[in-house]
Each structure stands twice: as structure tokens, then as C-alpha cells.
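As the structure lists them, so they are numbered: ligands from 1, and atoms in each ligand from 1.
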Amino acid sequence: MAIGAIDIGGSKIAVGVVDASGRLLAKSETATQSAGAYPEAIQRIATMLREAAARANVPVQGIGIGSTGPIDPIAGKFLHLDTIPQWSGGTPVADLAREFRVSAAIENDADAGALAEASWGAPRTKTRLIYVTVGTGIGSGMIFDGHLYRGVDGAHPEVAHQVLDAYGPPCSCGLRGCWEALAAGPAMAQWMESQPEYDGPPGLTARRIYELDAQGDPLATRTVEREIFWLGIGLANLVNLFAPDAILLSGSVMKGAGRHLDRIWQVMRQGCKFVPLEKVELSLASLGEDANLIGAARVWHHRFQKHG
Ligand SMILES: [Zn+2]
């Protein structure tokens with residue numbers, strides 16, 4: 001049983017083939033913006049998937065897609081995509097299902113990552129998992145008792161837009177001081193570059209800030225401390241709202257923040273007094289860089305294979 005996996009992000013598209021145990025058999029990537037308008041892009045993705053299946057030497061028996069949002073997972077459709085507006089209204093599920101004559105399904109990319117961690121990640125008996133990915137934005141997926149949590153009309157909850165500082169920096173959603181506007185990678189860079197003592201070039205990245213912190217740059221250290229604070233506050237809210245068994249963290253910003261998990265935990269401890277925080281597992285996700293791509297395959301299993 002090999003499933004074609006497609007991970008559509010604002011900057012890159014990854015296509016692969018994943019076996020029944022979650023092992024990635026073949027993979028290729030392309031820049032999203034180079035894929036062109038929707039009809040050409042879907043053809044390009046189909047070609048990449050055929051090539052990956054040929055390299056893995058397996059037939060594709062189903063297709064799973066994880067995508068930047070917002071999407072309609074039930075209709076299999078892109079809604080008004082924030083990062084790739086020219087694809088809005090596209091129907092990748094129907095188009096790829098027809099092209100390969102197999103069943104296909106789509107979910108938000110963080111939901112895909114959450115599904116993969118819950119089923120193919122490090123073994124755990126936990127039943128209420130929240131997966132949080134912090135990179136260019138903040139994404140989250142919630143798995144309760146093996147099922148992906150959906151909101152009204154199939155909607156994906158937007159934990160990135162929980163407001164932590166109502167008079168904070170403006171956010172793409174229209175409010176101010178959302179978690180994403182305070183703690184995603186670009187927010188770290190913007191904050192550091194806006195400080196009067198910053199004298200470096202523009203174009204900082206989270207990775208560079210962590211490097212500078214490791215080299216003893218005092219402003220970078222303050223930026224990392226601020227990041228730990230806002231990550232901790234957002235996570236404390238999730239614990240207070242959902243009292244989950246585990247929160248799994250991934251994404252490019254968490255790569256650097258991962259070694260500060262104990263300090264993030266200290267921030268959470270200041271405000272999670274009425275839930276048993278000490279029983280909540282806070283750890284880095286186990287599937288690494290390809291979690292979202294592997295998760296795309298898991299989307300197919302979750303939709304079409306009803307099992308425990
Ligand atoms: Zn927002």
C-alpha cells in the first residue's frame with residue numbers, strides 16, 4: 001500500500017510516496033511560485049508524483065494532500081489562499097483523483113502533521129494531542145481520540161490568531177497581537193530589527209537570531225528570551241483551554257527554541273495552576289523535517305481507512 005503525498009506550502013511544494021508504515025520511499029520538491037497558475041501547477045504536481053512513484057517502483061493507491069490554508073477539506077478545494085491567491089478555487093482532490101484514478105483527500109498542513117505524529121510518530125498512549133508548528137506562521141492540529149478535531153462547517157481552528165496582546169503588532173487577520181504576529185519567525189526578525197541598538201543588515205531570520213544568541217549577541221539573546229515568553233504564553237493558553245495529554249512542537253522556529261523547552265515550561269507554569277500541567281507532555285515532534293509530507297499520506301489513511 002503506497003500513498004502519494006503532496007505537501008503544498010507558500011514557498012515550496014514537496015511530493016513523495018509513503019508506504020503503509022509511514023516510511024517515505026521517494027521525494028522531490030519545487031518552489032511554489034515557479035509552479036505557475038493552478039492548471040499548470042496541478043500538472044506539474046502530477047508529473048512529480050508519477051516520477052516519485054516510478055523511482056520507488058510502486059503503484060500509487062491513493063493520494064493525500066496537506067496544504068497551506070484556508071481550504072475546504074470536505075469539498076477538496078482551495079479557498080482564498082493567503083500565500084498562493086492565484087490557486088484559490090482550485091479543486092486538487094478531484095483533479096488528482098481523476099488523473100490517477102484513485103481516491104484522494106486534503107487537509108490543512110498542520111492537521112496533516114498532527115495526524116502523522118499521532119499515528120506514525122514516537123509511540124505514546126496519549127489520546128489528546130495538540131501539534132503546533134512554528135515557522136513563517138503558526139499552525140496547529142488537534143487529534144482527540146484518534147480523530148482530527150474540526151470546527152463548524154469543517155473549519156480548521158486558528159490557534160495562531162489567539163490574541164495575546166490586543167495592542168500589539170498588527171496581524172494579517174485584522175486584529176493585533178495575535179500569537180503569530182508575536183512569535184512566528186518573521187515576528188522575531190521584525191522585533192529585533194526594530195530595536196534602536198540593532199546595527200546589522202535587514203533580512204534577519206529566526207535561524208540567524210539563534211546563531212547570534214549562541215555567539216553571545218545581547219540583543220539576539222533578548223529576542224530569544226522574548227520568543228520563549230510568547231511561545232510559553234500561547235502554549236499556556238492551549239493547556240488552559242484544552243488540558244491536552246501532549247503538545248508536540250515542530251517547525252523551523254522550534255528547531256532553535258527546542259533547547260529552551262524547560263524555559264518555555266517555566267513560563268507556562270506561571271499561569272496553568274488549575275489544570276494538571278505536570279501531567280502534560282511538552283516535546284518536540286518526532287518525525288522531523290518530512291513530518292508534513294508524511295502527514296499528507298496520513299490524510300488519506302485518516303479519511304478512507306476506518307481503523308482503530
Ligand atoms: Zn491574527
With Lys77, which residues qualify under salt bridge (charged side-chain N to carboxylate O under 4.0 Å, His left out), at least two apart?
none

Can you sort out the partners of Trp230 under ring pair (Phe, Tyr, Trp, His ring centres under 6.0 Å), two or more places apart, ordered by chain and number?
none

Between Glu211 and Arg208, is there a side-chain N and carboxylate O pair less than 4.0 Å apart?
yes

Just checking, Arg50 and Phe100: is the charged tip under 6.0 Å from the six-membered ring centre and within 45° of the axis?
yes

Could you please tell me which protein N, O or S atoms lie under 2.8 Å from the Zn ion (ligand 1)?
His161 ND1, Cys171 SG, Cys173 SG, Cys178 SG

Does the separation of the ring centres of His80 and Trp87 fall below 6.0 angstrom?
no

Taking salt bridge (charged side-chain N to carboxylate O under 4.0 Å, His left out) as the definition, give me every residue that meets it alongside Arg44, ordered by chain and number, with sequence neighbours left out.
none

